[in-house]
2 protein chains.
Amino acid sequence: MSDRKKTDKFFSEIMARNKEQEKPIEQIQIGKQLKQIRTKNKLTLDEASKLTGLAKSTLSKIENEQVSPTFAVMQKLATGLNIDIPQLFTAPKKLQSCGRRDITRANEGLSHITSTYEHNLLATQLSNKLMMPYMSRIHARSFDDFGDWIRHEGEEFLFVIEGQVQLLSEFYEPATLNVGDSVYYDAGMGHLAISVSEEDALILWITAQ
Amino acid sequence: MSDRKKTDKFFSEIMARNKEQEKPIEQIQIGKQLKQIRTKNKLTLDEASKLTGLAKSTLSKIENEQVSPTFAVMQKLATGLNIDIPQLFTAPKKLQSCGRRDITRANEGLSHITSTYEHNLLATQLSNKLMMPYMSRIHARSFDDFGDWIRHEGEEFLFVIEGQVQLLSEFYEPATLNVGDSVYYDAGMGHLAISVSEEDALILWITAQ
DNA sequence: GAAAAAAGTTTCCTATAGGAAACTTTTTTC
DNA sequence: GAAAAAAGTTTCCTATAGGAAACTTTTTTC
């Protein structure tokens, strides 16, 4: 139980580390943002004015930060220019990261052992990633080895590499999975994987948030 | 080459299907939104006023939709109440889906065959998911079997189940991967996996966007 | 390269957002 | 349940956003 707690904390920490790219400060220059969107779409102020129903003088003033647009105006901008409002606030360059690569050799992941699982975190060199892959040897044999459901944000994909696994979950009957079988589920639903084969099963687990 | 194109289209379609949950209409009631955030945080107008530096009369008027706040005011709201601006626009309930589950038995995925790969899509019963898992038998033996790099949004995780694989990529030397090895990379970087073992290799591939 | 056209900015006015204080409604205290 | 306190709304004023038209700057035409 206290072991369970520890594991949970461990995962949330790792996940947080993987995501942190959220927003910068709220010091966004909405005018710059708008101008960039308009010019990128090759629109003149007159055209944008027709599309949004706003006076071109208004658009000009917004773009030059002479005026702070009201929410009503921002809605017109969004529908007229066909952008969703959040886009007006997101930092100009949403620099899609590109070119990273991280190889993990068999049995060389970062190990993390609990009483129920022996986790092997993969691709740990990379932070800010969308998925978190790890290979786990399942020691647990019954629900009681845990004390409570595992529950966290996001979605999970489980693939059986060795042995036989039973996926217990809050809203479904236990499902028995053999080598090659896989299951995709919402991690917010209580879930647990236990070994039911003679030897401890080995699975590949991937979490996304 | 035309085969490559087909594959690409196929993937983007699947990915689009998996994501579509974006935004609803831009008919958001920002006042309702704000009131919900404030009450959920158990703040009075006076407290919110102190936190944001806005007059409580202003807050009241915004909440009752008597006034359309300017962007400047929205920034104060965001920093003061410690929310990121997009949150002011997102529909009230961001219903975290919970309780879905989809099992795919070994060799029972949805098959999609090209000249280079034999894909087996997993968990296809579920849409709107963060990850897209598939198992692929790699027929390809060299870069020339493709004609061009594979490149698409998002990140990818590759795990070798059978055989020996070489991951070719735009910015790295080819990497040879054996059973149990895995690699995580940005899919925006040109990439290809080819078999280098006698028999065609089998890999598990997971994409997230 | 001068004239015309297009694109963008500024001016000036009106409509409305933001704030202080008065007021009303709701909740708490005893 | 009356009095006091707290929470929220409305009023009234000032500051500023939004729009039409004049104006300036930039681009295109010949």
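Every chain is numbered from 1, with letters handed out A, B, ... down the list of sequences.
- Residues passing the side-chain hydrogen bond (donor to acceptor under 3.5 Å, both in side chains) test with B/Thr44 are B/Glu47, sequence neighbours excluded.
- Take B/Phe171 and apply the ring-ring contact (aromatic ring centres under 6.0 Å, His included) test, not counting sequence neighbours, and it matches no residue.
- Checked against ring-ring contact (aromatic ring centres under 6.0 Å, His included), A/Tyr185 has the following partners two or more places apart in sequence or in another chain: A/His191.
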- What's the verdict on side-chain contact (heavy atoms from CB on, under 4.5 Å) for B/Leu177 and B/Gln166, showing C-alpha distance, side-chain angles and the deciding distance? CA-CA 6 Å; B/Leu177 303 168; B/Gln166 213 170 50; over 6 Å; no

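- For the pair B/Phe71 CZ and C/dG18 P, the computed distance is 13 Å after rounding to whole Å.
- For the residue pair B/His119/B/Ser136, the side-chain donor-acceptor check at 3.5 Å is satisfied.
- For the pair B/Asp200 and B/Arg137, the salt-bridge criterion is not met [side-chain N within less than 4.0 Å of a carboxylate O].
- Shown here for A/Asp102 and A/Thr124, the closest heavy-atom pair between the two residues is OD2-N, 3.4 Å.
- Taking each heavy atom of A/Ser68 and B/Ala72 in turn, the nearest pair found is OG-N, 2.7 Å.
- Between the CG atom of B/Leu45 and the C1' atom of C/dT26 there is a distance of 13 Å, rounded to whole Å.
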- Task: Between protein and nucleotides 19-24 of chain D, map the contacts as a letter string: B base, S sugar-phosphate only, - none, heavy atoms under 4.0 Å, written 5' to 3'.
- Result: BBB---

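- The aromatic rings of B/Tyr134 and B/Trp205 sit tilted, their planes meeting at an angle between 30° and 60°.
- B/Leu59 places its CG atom 10 Å from the P atom of C/dG18, with the value rounded to the nearest Å.
- For the segment residues 62-70 of chain B, the set of residues with a heavy atom within less than 4.0 Å of an atom of DNA chain C comprises B/Gln66, B/Val67, B/Ser68, B/Pro69, B/Thr70, in numerical order.
- No hydrogens or angles considered: a donor-acceptor pair under 3.5 Å links the side chains of B/Tyr184 and B/Glu155.
- For DNA chain D, runs of at least 3 consecutive pairs of the Watson-Crick or G-U wobble type, with both hydrogen-bonding distances under 3.5 angstrom, map to C:1-30 with D:1-30.
- Between the CE atom of B/Met74 and the C1' atom of D/dA17 there is a distance of 15 Å, rounded to whole Å.
- Rounded to a whole Å, the CZ atom of B/Arg38 is 10 Å from the P atom of D/dA7.
- Across the protein-nucleic acid pair, B/Leu34 atom CG and D/dG8 atom C1' stand 14 Å apart, rounded to whole Å.
- Per the geometry, CD1 belonging to B/Ile30 stands 15 Å off C1' belonging to C/dG18, to the nearest Å.
- Nearest heavy-atom pair, B/Glu108 versus B/Asn120, reported as atom, atom and distance to 0.1 Å: C-OD1, 4.1 Å.
- Following rounding to the nearest Å, A/Asp46 (CG) and C/dA5 (P) show an atom-to-atom distance of 15 Å.
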